[in-house]
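To start, the structure itself, in structure tokens.
Small disclaimer: the values here were computed from a predicted structure and weren't measured. Reckoned from all heavy atoms, side chains included, excluding hydrogens, waters and symmetry mates.
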Amino acid sequence: MIEWVPLGSGARPVPRPVAAPLVWAAAFGGALALVALLNGIVGLGRPGFALAALSLLAALLGLCARFSAAPGTAVLCWLSLNGFAIPPAGTLTWAGHRDTVWLSCLLAAALVGTALARLVHARAAYRRLTTGTGPEAPEPDGF
């Protein structure tokens, strides 16, 4: 007779974050590909769409990264945004207020993605601990 048993009957560990260099490589390649795609579809000179898309990319990369990877992710996305999404393409510039807002937006997106992932993983780990089956703890004696 065949007996069906669940494969994941033991405690599952909280997923470990991906190493920062891998997240940065994905941010660099993903940001370049995303900006190139948006330049082809929307056209050059409309950085609002590129900022929104790169913020989403930074948040998605933050879901699998450590908090220490967020600044690098934001800078790499900003380099693609600044270098290729605004004219003249291929030239890095610094326009004080605008670039500060862009960097802040990208950093906030990466941090929100990372914080959300940590919160979801911690809540799942807490649920696994509190709903586990095992011997009941003895009742404390009342006064």
Side-chain angles (χ1 to χ4, degrees), residues 1-140:
M1 176 187 267
I2 297 174
E3 181 180 341
W4 295 95
V5 293
L7 293 177
S9 61
R12 292 176 292 160
V14 175
R16 294 184 57 145
V18 177
L22 291 175
V23 174
W24 293 337
F28 182 70
L32 285 177
L34 197 56
V35 168
L37 179 71
L38 286 173
N39 283 346
I41 294 173
V42 177
L44 188 65
R46 300 196 43 200
F49 291 113
L51 178 62
L54 289 174
S55 294
L56 183 62
L57 175 69
L60 289 176
L61 288 172
L63 292 175
C64 62
R66 290 182 165 87
F67 280 108
S68 60
T73 302
V75 168
L76 289 169
C77 289
W78 173 80
L79 286 173
S80 295
L81 176 65
N82 192 349
F84 300 106
I86 58 172
T91 303
L92 288 177
T93 59
W94 180 262
H97 181 68
R98 179 194 71 190
D99 288 324
T100 304
V101 170
W102 287 358
L103 272 170
S104 300
C105 182
L106 292 167
L107 180 62
L111 288 173
V112 164
T114 305
L116 182 65
R118 296 299 145 249
L119 186 65
V120 167
H121 292 316
R123 186 164 187 220
Y126 177 75
R127 282 187 176 177
R128 284 192 296 266
L129 288 176
T130 57
T131 60
T133 58
E136 294 294 323
E139 294 280 332

Closest approach of [X] and [Y], non-hydrogen atoms and distance?
X: G113; Y: L63; answer: O-CD2, 3.2 Å
X: V42; Y: F49; answer: CG1-CD1, 3.6 Å
X: G45; Y: P87; answer: CA-CD, 3.7 Å
X: V23; Y: A65; answer: CG2-CB, 3.6 Å
X: A50; Y: L81; answer: CB-CD1, 3.6 Å
X: L111; Y: A70; answer: CD2-CB, 3.6 Å

What's the separation between atom [atom1] in [X] and atom [atom2] in [Y], rounded to the nearest 0.5 Å?
X: R16; Y: R66; atom1: CZ; atom2: CZ; answer: 6.0 Å
X: N82; Y: C77; atom1: CG; atom2: SG; answer: 13.0 Å
X: F84; Y: T91; atom1: CZ; atom2: OG1; answer: 9.0 Å
X: L34; Y: L56; atom1: CG; atom2: CG; answer: 8.5 Å
X: D99; Y: T93; atom1: CG; atom2: OG1; answer: 5.5 Å
X: W102; Y: T100; atom1: CH2; atom2: OG1; answer: 11.0 Å

Check: A85 main-chain N/O paired with N39 side-chain donor or acceptor under 3.5 Å: no

What verdict does the side chain to side chain contact (heavy atoms under 4.5 Å, CB included) test give for T114 and L61, after you've listed the backbone C-alpha separation in whole Å, the side-chain angles of each residue and the deciding distance to 0.1 Å? CA-CA 8 Å; T114 305; L61 288 172; over 6 Å; no

Is there a side chain to side chain contact (heavy atoms under 4.5 Å, CB included) between L103 and L107? Walk through the geometry before answering. CA-CA 6 Å; L103 272 170; L107 180 62; over 6 Å; no

